[in-house]
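Here the structure comes first, spelled out in structure tokens, and everything after it is commentary.
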Amino acid sequence: MTQAATLPAFAAQAVKKALHDIPMNATVGVQITDVGVGWATGEAPDTAPFRNHLGTIHAGVQFLLAEAVSGAAFAGAFAAQLVGAVPLIEKLETHYVNRAVGDLTARAEAADPAQVAAAHAEFAADGRARLVINVTVQDGEAKDVMRAVAHWYLRARPQAK
């Protein structure tokens with residue numbers, strides 16, 4: 001994204017809280033550090049209980065971080081609609097490219113920022129929308145350790161009768 005659009009502070013805090021309140025994220029220490037319109041950053045610490053048989057950060061921690069940061073980016077893109085809608089991840093395609101050593105950081109952003117406006121129009125017309133989010137996870141040595149593509153779906157909550 002060439003220019004990172006920001007969210008009002010209360011909206012960014014609400015997105016962070018929602019992701020931090022997910023028990024699995026809390027278990028491994030996933031934190032969303034910043035969130036804007038269609039983008040987010042996050043981190044997860046390197047802790048001994050979450051290392052694999054190689055002594056590096058387990059793929060599951062990387063997966064949780066990628067999912068959380070992609071969800072924050074998606075929620076940031078649809079912050080105004082979330083009161084009356086349900087976000088769901090449909091697919092997270094992962095590619096582990098290096099061993100992860102040290103604390104993790106991640107950045108997620110809409111694969112095509114122009115699609116955010118199209119997704120908003122689709123949601124306004126049909127009560128549902130999809131958006132693809134790209135994620136890069138880096139380790140404490142600032143090398144890419146995982147790349148992911150998250151496919152998110154938003155649907156309007158059924159109207160109460």
Side-chain angles (χ1 to χ4, degrees), residues 1 4-5 7 12 14-47 49-54 56-79 81-82 85-120 122-123 126-140 142-157:
M1 213 182 244
L7 287 174
V15 170
K16 287 179 187 180
K17 181 177 179 350
L19 275 292
H20 296 166
D21 285 350
I22 295 171
M24 281 303 297
N25 290 342
T27 297
V28 300
V30 166
Q31 291 286 307
I32 301 303
T33 54
D34 204 2
V35 59
V37 179
W39 64 271
T41 58
E43 60 190 18
D46 176 5
T47 55
F50 304 114
R51 291 189 189 134
N52 60 25
H53 62 289
L54 301 173
T56 60
I57 301 172
H58 194 279
V61 175
Q62 296 174 60
F63 183 95
L64 287 170
L65 177 58
E67 188 212 20
V69 78
S70 73
F74 183 78
F78 286 98
Q81 290 82 6
L82 289 179
V86 177
L88 302 164
I89 191 164
E90 293 182 304
K91 178 171 42 172
L92 184 65
E93 302 168 19
T94 58
H95 182 183
Y96 298 94
V97 295
N98 280 302
R99 292 180 181 172
V101 179
D103 296 342
L104 300 176
T105 58
R107 175 158 181 96
E109 57 190 326
D112 180 358
Q115 288 300 323
V116 174
H120 277 260
E122 182 183 355
F123 184 78
D126 300 330
R128 59 183 157 229
R130 286 183 166 78
L131 190 62
V132 175
I133 307 288
N134 288 335
V135 182
T136 302
V137 177
Q138 293 188 325
D139 71 359
K143 70 180 183 290
D144 289 1
V145 294
M146 181 223 246
R147 293 185 196 104
V149 179
H151 299 258
W152 281 90
Y153 174 70
L154 186 70
R155 67 170 171 78
R157 293 182 193 274

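Between the side chain of His151 and the backbone N or O of Arg130 there is no donor-acceptor pair closer than 3.5 Å. For Trp39 (side chain) and Gly76 (main-chain N/O), no donor-acceptor pair under 3.5 Å exists by modelled atom type. Using a distance-only test at 3.5 Å, with no hydrogens or angles considered, no donor-acceptor pair links the side chain of Thr136 to the main chain of Arg107. In this structure, Asn52 contributes its side chain and Leu54 its backbone to a donor-acceptor pair below 3.5 Å. Remark: side-chain polar atoms of His95 are not paired, donor with acceptor, to backbone N or O of Val149 under 3.5 angstrom. With hydrogens and angles disregarded, no donor-acceptor distance shorter than 3.5 Å links the side chain of Glu43 to the backbone of Asp103.
Residue Phe63 holds its CZ atom at 6.5 Å from OG1 of Thr94, rounded to the nearest 0.5 Å. Atom CG of residue Leu92 and atom CG of residue Leu64 lie 10.0 Å apart, to the nearest 0.5 angstrom. Rounded to the nearest 0.5 Å, atoms CG (Leu131) and CH2 (Trp152) are 11.0 Å apart. Note that CD1 of Ile22 is 6.5 Å distant from CD of Glu67, once rounded to the nearest 0.5 Å.
For the residue pair Ala100 and Thr56, the shortest heavy atom distance occurs at O-CB, 3.1 Å. In terms of heavy atoms, Ala106 sits closest to Val135 at CB-CG1, 4.5 Å. For Ala150 against Ile89, the heavy-atom pair with the smallest separation is CB-CD1, 4.2 Å. Counting all heavy atoms, side chain and backbone alike, Val116 lies closest to Ala77 at CG1-CB, 4.2 Å.
Under the salt bridge (Lys or Arg N to Asp or Glu O under 4.0 Å) criterion, the residue pairs touching residues 18-37 are Lys17-Asp21, with sequence neighbours excluded.
The salt bridge (charged side-chain N to carboxylate O under 4.0 Å, His left out) search around Asp144 returns Arg147, not counting sequence neighbours.
Side-chain contact between Leu19 and Val30: absent, with no pair of heavy atoms (C-beta onward) separated by less than 4.5 Å.
With salt bridges taken as basic N to acidic carboxylate O contacts below 4.0 Å, none links Arg99 and Asp139.
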